[in-house]
Amino acid sequence: MSLISIVNPATGNVEGQVPNHTVEQCLEAAETAATAFVSWRTTYPRARAEILRRAFELMIAEQQQLAELIVRENGKVLSDAKAEVAYAAEFFRWFSEEAVRIDGDLRQAPNGPNYLAVTREPVGVALCITPWNFPAAMATRKIGPALAAGCTVLLKAASETPLTAYAIADVLKRAGVPDGVVQVITPDPPAEAVAALLSSGLVKKLSFTGSSRVGSLLLSQAAEKIVNCSMELGGNAPFIVCDDADIDAAVDGAMIAKMRNGGAACTAANRFYVHAAVLDEFTDKFVARMSSLVLGNGLDSATTLGPLVSAAQQSRVAALVQRAVSDGAKVLCGGTVSENPMHGYAATVLAGVEQHHSIVQQEVFGPVAPIICVADIEESIPLFNDVEHGLVSYIYTKNHGRGMRLANALETGMVGLNRGLVSDPAAPFGGVKASGIGREGGHDGLLAFLETKYVSTEW
Ligand code: NAD
């Protein structure tokens, strides 16, 4: 069997190898998952809940080791990786609590003697495809609700970061997940195997997190067999600083919204709209904070910014900044690549950016913050909405009513109002427009893995 070598983005060292599964092996795994589904779906919710609870506890007990593994394959800073493990584990805890709350409904028909009985059933084998930026959390955000619902899982991990996926599968096995209920597959390149799985008739659910480009392609492939789809796709978040904002709070929020995970987050603030009255104060304070970040190997204690995951990502971010500069943007800090760590890119702030610049219209997915000066916040709402994505927005204002009115006007699935972080396992995470279909987390996340069955009866 051929193997994929996993390279540490900071050092270039090979950290491990995983199988490069063939199309046939992926289809065999789907057969196994379909067989395992027959018994897994009939386990009592409490049994599934307790397995998930044990998996949560194991992840928390092993937080340090899991976090170091994430750093070695993804490059992020250890503190970000530890936060990711805690966040990822919370999906197992949350869905252990949701597993016993799969509800139904019973009503008399409005115009008849019969009753309308509504129950929920697990969808079936779920193909869960995850990106490299949160290798633990994007997996548990899917596996948690799938197992709670009674589905079996094929986890197709990103080729850059499969070691964490295998480590999570091991945690689940030790927590009591039976053989065949969760399997990791790592075909590389993945296109042929994923297409074969979607057309096999064995996969009943596709839960995908990744780019809008690949999401759109997979939706078209899923159409053939009418596979139930949930899509968590790209983002392009506006970060709006009103004239009445608490600027220190806005800078704190900007550092989280922009720099969590080194900017490689779908929720990352991608374009900063700052009112002219507070532009200088916000920019000066933000540039000071961004300039103080220390680029290095994520495992070094002095490091506060890790490298990008690959040479390809480094060149993509560098090209976006070069293009912005040729469009007329000014580099206030950063703007440089680093070779030590490999694939590094300095924390960068760009001023003088305009709405039509490609750095505003595209997802940066790196440590670069373009600032656009606006003269009137409310009149700029069309600019905030003038992108293809609609995942999340951030607003800073001391006037809560104004903030809520702005939140209502923004075409995004989520809004951080005076907060730079919205992710919470108990909340419905997801976007509108090209950012996706469906929600993960909260109660909605469980419903994504359930079918509704209605029985009409009378007695
Ligand atoms: P990507 O779309 O390139 O890859 C995502 C996954 O799809 C990987 O596992 C990859 O191997 C697989 N894949 C790629 N091409 C495929 C194909 N032709 N057929 C089948 N599978 C294929 O995305 P990425 O670069 O790994 O991740 C970054 C993207 O993910 C960004 O756009 C980011 O915004 C998005 N993302 C979204 C969320 C969210 O919740 N909305 C969360 C994290 C990341």
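Given the structure is predicted, the values throughout are model-derived calculations rather than measurements. Ligands are counted one by one from 1 in listed order, and the atoms in each one are counted from 1 as well. Nothing fancy with the numbering, it's 1 onward along the sequence.
- Counting only heavy atoms from C-beta outward, the side chains of L417 and T397 approach each other to under 4.5 Å.
- Counting non-hydrogen atoms of neighbouring residues, nucleotides and ligands closer than 6.0 angstrom, the CD atom of Q65 exceeds 12 such neighbours.
- Seen from the ring of Y87, R260 counts as a face-on cation partner, given the 6.0 Å and 45° thresholds.
- D80 and N261 share no donor-acceptor pair across their side chains, judged by distance under 3.5 Å alone.
- Atom NZ of K173 has 12 or fewer neighbouring heavy atoms from other residues, nucleotides or ligands inside a 6.0 Å radius.
- Sorted by chain then number, the residues whose non-hydrogen atoms approach ligand 1 to under 4.0 Å are I129, T130, P131, W132, N133, M138, R141, K156, A157, A158, P190, A191, V194, F208, T209, G210, S211, V214, L217, L218, E232, L233, G234, G235, C266, E363, F365, L391, F429.
- Surrounding CG of D179 are at most 12 heavy atoms belonging to other residues, nucleotides or ligands under 6.0 Å away.
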